[in-house]
Amino acid sequence: MANKPKKLIANNKKAYHEYFLEEKLEAGIELVGTEVKSLRAGKCSIKEAFIRIDNGEIFIYQMHISPYEHGNIFNKDPKRPRRLLLHKYEIRKLEGKIKERGYTIVPVEVYFTNGRVKLEIALAKGKKLYDKRADIKAKDMKREAERDFKVRNL
């Protein structure tokens, strides 16, 4: 399958720091018209967002989509729960995994692909403090090595 061009709207860098992302899925989002217009303007945040499964349906909570400036009465609540569009078997599979200890579902990025808004979600396992420290240490060492390499090649 060819890579589809995607226009990034928002990403969740905190998810990479807080969790080990094991399996990623692409989900559609149920939106109203003015929300799509606001997303086209890039006004979205998923930093505080979280995902839950209720009665066989999957929802994203606390995803902030700013109200559209020209939307008047058609604007919805910026932080309302939005249903995610996944196949039933995918939802069941995720539901089975999150019943295991330590697993959760986190939003990773929001983007447009072929004119549709998509949300990349990931099955994630929480990192311990020492895992986070190890990641920071590895990143610092890599940055230092790149800096030394750049200085030597000038």
- Contacts satisfying salt bridge (charged side-chain N to carboxylate O under 4.0 Å, His left out) that involve residues 11-21 (not counting sequence neighbours) are E18-K132
- Task: Kindly write out the residues that satisfy side-chain contact (heavy atoms from CB on, under 4.5 Å) with D135, not counting sequence neighbours, or none if the list is empty.
- Result: K127
- Message: Taking salt bridge (Lys or Arg N to Asp or Glu O under 4.0 Å) as the definition, give me every residue that meets it alongside K24, ordered by chain and number, with sequence neighbours left out.
- Response: E120
- Any idea which heavy atoms bring P107 and L119 closest together, and the distance? CB-CD1, 4.0 Å
- By side-chain contact (heavy atoms from CB on, under 4.5 Å) - contacts of P81 (at least two apart): Y61
- Could you give the distance from CD1 (I51) to CG (L94), rounded to the nearest 0.5 Å? 9.0 Å
- Message: Which heavy atom of L8 sits nearest to which heavy atom of Y111, and what is that distance?
- Response: CA-CB, 3.9 Å
- Query: In terms of hydrophobic clusters joined by side-chain contacts under 4.5 Å, are L31 and I121 together?
  - Reply: yes
- Message: Between M63 and S45, is the side chain to side chain contact (heavy atoms under 4.5 Å, CB included) condition met? List the steps.
- Response: CA-CA 6 Å; M63 176 181 171; S45 172; over 6 Å; no
- Query: Does anything in residues 36-48 pair up under salt bridge (charged side-chain N to carboxylate O under 4.0 Å, His left out), and if so which pairs, sequence neighbours excluded?
  - Reply: K43-E69
Donor-acceptor pairs are to be reported for all side-chain atoms of residues 83-93 against protein atoms at under 3.5 Å, with residues two or more places apart or in another chain.
residue : atom : partner : partner atom : Å
R83     : NE   : E30     : OE2          : 3.4
R83     : NH1  : E57     : OE2          : 3.2
R83     : NH2  : E30     : OE2          : 2.5
E90     : OE1  : H87     : N            : 3.1
K93     : NZ   : E23     : OE2          : 2.8

- If only atom types and distance count, is the side chain of E146 paired as donor or acceptor with the main-chain N or O of R143 below 3.5 Å? no
- Item | Separation between CG of N11 and CD1 of I46, rounded to the nearest 0.5 Å | 7.0 Å
- Task: Go through E109 and K6 one step at a time and tell me if the side chain to side chain contact (heavy atoms under 4.5 Å, CB included) criterion holds.
- Result: CA-CA 11 Å; E109 54 185 37; K6 63 182 187 180; 2.7 Å; yes
- At what distance, to the nearest 0.5 angstrom, does CZ of F59 lie from CD1 of I53? 11.0 Å
- Query: Checking R82 side chain against R80 main chain: does a donor-acceptor pair fall under 3.5 Å?
  - Reply: yes
- G42 versus I9, closest heavy-atom pair with distance: CA-CG2, 4.1 Å
- Step by step, work out the side chain to side chain contact (heavy atoms under 4.5 Å, CB included) result for E35 and V32. CA-CA 6 Å; E35 289 177 327; V32 295; 3.5 Å; yes
- Message: Show the nearest heavy-atom pair for residues L21 and A124, with the distance to one decimal.
- Response: CD2-CB, 3.7 Å
- Taking C-beta and beyond as the side chain, do L39 and F112 meet within less than 4.5 Å on heavy atoms? yes
- Decide yes or no for F50 and Q62: does some side-chain heavy atom of the first lie under 4.5 Å from some side-chain heavy atom of the second? yes
- Query: Nearest 0.5 Å, what's the CZ-OH distance between F20 and Y103?
  - Reply: 11.0 Å
- Item | Heavy-atom side-chain contact between N12 and V108 under 4.5 Å | no
- Value for CD1 (I58) from CD1 (I105), rounded to nearest 0.5 Å, stands at 4.0 Å
